[in-house]
Enquirer: 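First, the structure itself, so that you have it in front of you.
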Amino acid sequence: VCLNHPDFAGVHFTGSTGVFNHIWKTAGANMGIYKSYPRIVGETGGKDFVMAHKSADVDVLVAALARGAFEYQGQKCSAASRAYIPSNLAAEVKKKLVAEVKSMQMGSIEDFRNFVNAVIDEKSFDKLESYIKGARKKDAKAKIWVGGKCDKSTGYFIEPTVIEALDPHYVTMCEELFG
């Protein structure tokens, strides 16, 4: 409705790349009906990374990583999908992050004790599951620290999963995980 209204002046959008592209396409097609040029700002698809300093407080870092990566099942534009941890903190971060992720309950949105629910659709499920399966391969240049169970029998549930990339060119370091 708003994109077809003469008074449409702008939108600040956060969401999928496909929807944002539709907003631009519709606004472009409607330029003749608008009273002014609309301002369109979008945040789509890309994920954030965390770069920890060697002096970082490990407990604060672990909380930020766990919440940043797994709130909303990681399906938010600001999701922390990659982390760069200095070697002096790596062992302690791994130990505490694995424990934190293991404590996250997963299940139906109807139970508010669940921190993690299903991912949005089968396409997302299949894409994420492919990364997990890839990390499990014998010759993978990655290893799973925690998580990795996938079940789409009653929804698209993927256990919170942390993959350590052993190669900076590993697929999860180069591709957009959600789109």
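In this text the structure is predicted, and so the values were computed from the model without any measurement.
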Enquirer: Which distance, rounded to the nearest 0.5 Å, do you find between the CZ of F70 and the CE of M106?
Expert: 11.5 Å
Enquirer: Supply the atom-to-atom distance C150 SG to K133 NZ, rounded to the nearest 0.5 angstrom.
Expert: 7.5 Å
Enquirer: Does anything in residues 9-23 form a salt bridge (charged side-chain N to carboxylate O under 4.0 Å, His left out)? List the pairs, not counting sequence neighbours.
Expert: none
Enquirer: Kindly compute the distance separating NZ (K152) from CD (E122), expressed to the nearest 0.5 Å.
Expert: 4.0 Å
Enquirer: Please determine whether the number of non-hydrogen atoms from other residues, nucleotides or ligands lying under 6.0 Å from atom CZ of F112 exceeds 12.
Expert: no
Enquirer: Treating Ile, Leu, Val, Met, Phe, Trp and Tyr as nodes and any side-chain heavy-atom pair under 4.5 angstrom as an edge, say whether V58 and V146 lie in one connected cluster.
Expert: yes
Enquirer: Just how far is it from atom NE2 of H53 to atom CD1 of I85, taken to the nearest 0.5 Å?
Expert: 13.0 Å
Enquirer: For a quick test of reading the model, state the closest non-hydrogen atom pair linking A135 to A140 and the distance between them.
Expert: O-CB, 3.6 Å
Enquirer: I need the I132 CD1 to R136 CZ distance, nearest 0.5 Å.
Expert: 6.5 Å
Enquirer: Shared ILVMFWY cluster between F8 and W24, side chains joined below 4.5 angstrom?
Expert: yes
Enquirer: Are I40 and I33 connected, step by step, through hydrophobic side chains (Ile, Leu, Val, Met, Phe, Trp, Tyr) whose heavy atoms are closer than 4.5 Å?
Expert: yes
Enquirer: Identify the two heavy atoms, one from Y131 and one from T172, that lie closest to each other, and give their separation to 0.1 Å.
Expert: CD2-CG2, 3.7 Å
Enquirer: List the atom pairs, donor and acceptor, that lie under 3.5 Å between side-chain atoms in residues 60-68 and the rest of the protein, sequence neighbours left out.
Expert:
from	atom 1	to	atom 2	distance (Å)
R67	NE	E71	OE2	3.0
R67	NH2	E71	OE2	2.6

Enquirer: Quick one: do Y37 and V41 end up in the same hydrophobic cluster if we chain Ile, Leu, Val, Met, Phe, Trp and Tyr together by side-chain heavy atoms under 4.5 Å apart?
Expert: no
Enquirer: Looking only at heavy atoms, what is the nearest atom pair of D121 and S124, with distance?
Expert: OD1-N, 2.8 Å
Enquirer: Linking I/L/V/M/F/W/Y whenever their side-chain heavy atoms sit closer than 4.5 Å, directly or via other members, would L97 and V116 fall into one cluster?
Expert: yes
Enquirer: Looking at every heavy atom in both Y34 and T26, which two are closest together, and how far apart are they?
Expert: OH-O, 4.2 Å
Enquirer: Any idea which heavy atoms bring V50 and A80 closest together, and the distance?
Expert: CG2-CB, 3.9 Å
Enquirer: Nearest 0.5 Å please: distance from the CZ atom of F115 over to the CE atom of M104.
Expert: 4.5 Å
Enquirer: Pair up each side-chain donor or acceptor in residues 154-169 with any protein partner under 3.5 Å, not counting sequence neighbours, and list the distances.
Expert:
from	atom 1	to	atom 2	distance (Å)
E159	OE1	G148	N	3.4
E159	OE1	K149	N	3.2
T161	OG1	G148	N	2.8
T161	OG1	E159	O	2.6
E164	OE1	W145	NE1	2.9
D167	OD1	H169	N	2.8

Enquirer: Looking at K54 and N88, what are the two nearest heavy atoms and their distance?
Expert: O-ND2, 3.0 Å
Enquirer: Before giving the answer on salt bridge (charged side-chain N to carboxylate O under 4.0 Å, His left out), spell out for E92 and K96 the whole-Å C-alpha distance, their side-chain angles and the decisive distance to 0.1 Å.
Expert: CA-CA 6 Å; E92 189 177 3; K96 290 183 175 187; 3.3 Å; yes
Enquirer: Please say whether more than 12 non-hydrogen atoms of neighbouring residues, nucleotides or ligands are located less than 6.0 Å from NZ in K95.
Expert: no
Enquirer: With distance as the sole criterion, is a donor-acceptor pair present between the side chains of D111 and S108 under 3.5 Å?
Expert: no
